[in-house]
Amino acid sequence: MRQLANQQRTYCGIDTHADTHHAAVITNTGILLQHRQFDTTANGYDDLTVWMRNL
């Protein structure tokens, strides 16, 4: 598969804690798109996954 030079990519970093996870999504050029906090519960993990995929 051929990559285009100007194709934008996004990355998610997650800072894990006992009760919450803090996630940030940035572009490959370092622009912050969004950041959010999620509970460390089954619903919180589901919410984090849906949020990431929708960005």
Residues 10-20 side chain polar contacts: donor-acceptor under 3.5 Å, at least two apart:
{"unit_1": "D15", "atom_1": "OD2", "unit_2": "H17", "atom_2": "NE2", "d": "3.2"}
{"unit_1": "T20", "atom_1": "OG1", "unit_2": "H22", "atom_2": "NE2", "d": "3.2"}

Only pairs under 3.5 Å count here: list side-chain donor-acceptor contacts from residues 23-32, not counting sequence neighbours, and write none if there are none.
{"unit_1": "T27", "atom_1": "OG1", "unit_2": "T29", "atom_2": "N", "d": "3.2"}
{"unit_1": "T27", "atom_1": "OG1", "unit_2": "T29", "atom_2": "OG1", "d": "2.9"}
{"unit_1": "T27", "atom_1": "OG1", "unit_2": "G30", "atom_2": "N", "d": "3.4"}
{"unit_1": "T27", "atom_1": "OG1", "unit_2": "I31", "atom_2": "N", "d": "3.1"}
{"unit_1": "N28", "atom_1": "OD1", "unit_2": "R9", "atom_2": "N", "d": "3.3"}

Which atom pairs, donor and acceptor, lie under 3.5 Å between side-chain atoms of residues 46-55 and protein residues at least two apart or in another chain?
{"unit_1": "T49", "atom_1": "OG1", "unit_2": "Y45", "atom_2": "O", "d": "2.9"}
{"unit_1": "W51", "atom_1": "NE1", "unit_2": "Q34", "atom_2": "OE1", "d": "2.8"}
{"unit_1": "N54", "atom_1": "ND2", "unit_2": "V50", "atom_2": "O", "d": "3.1"}

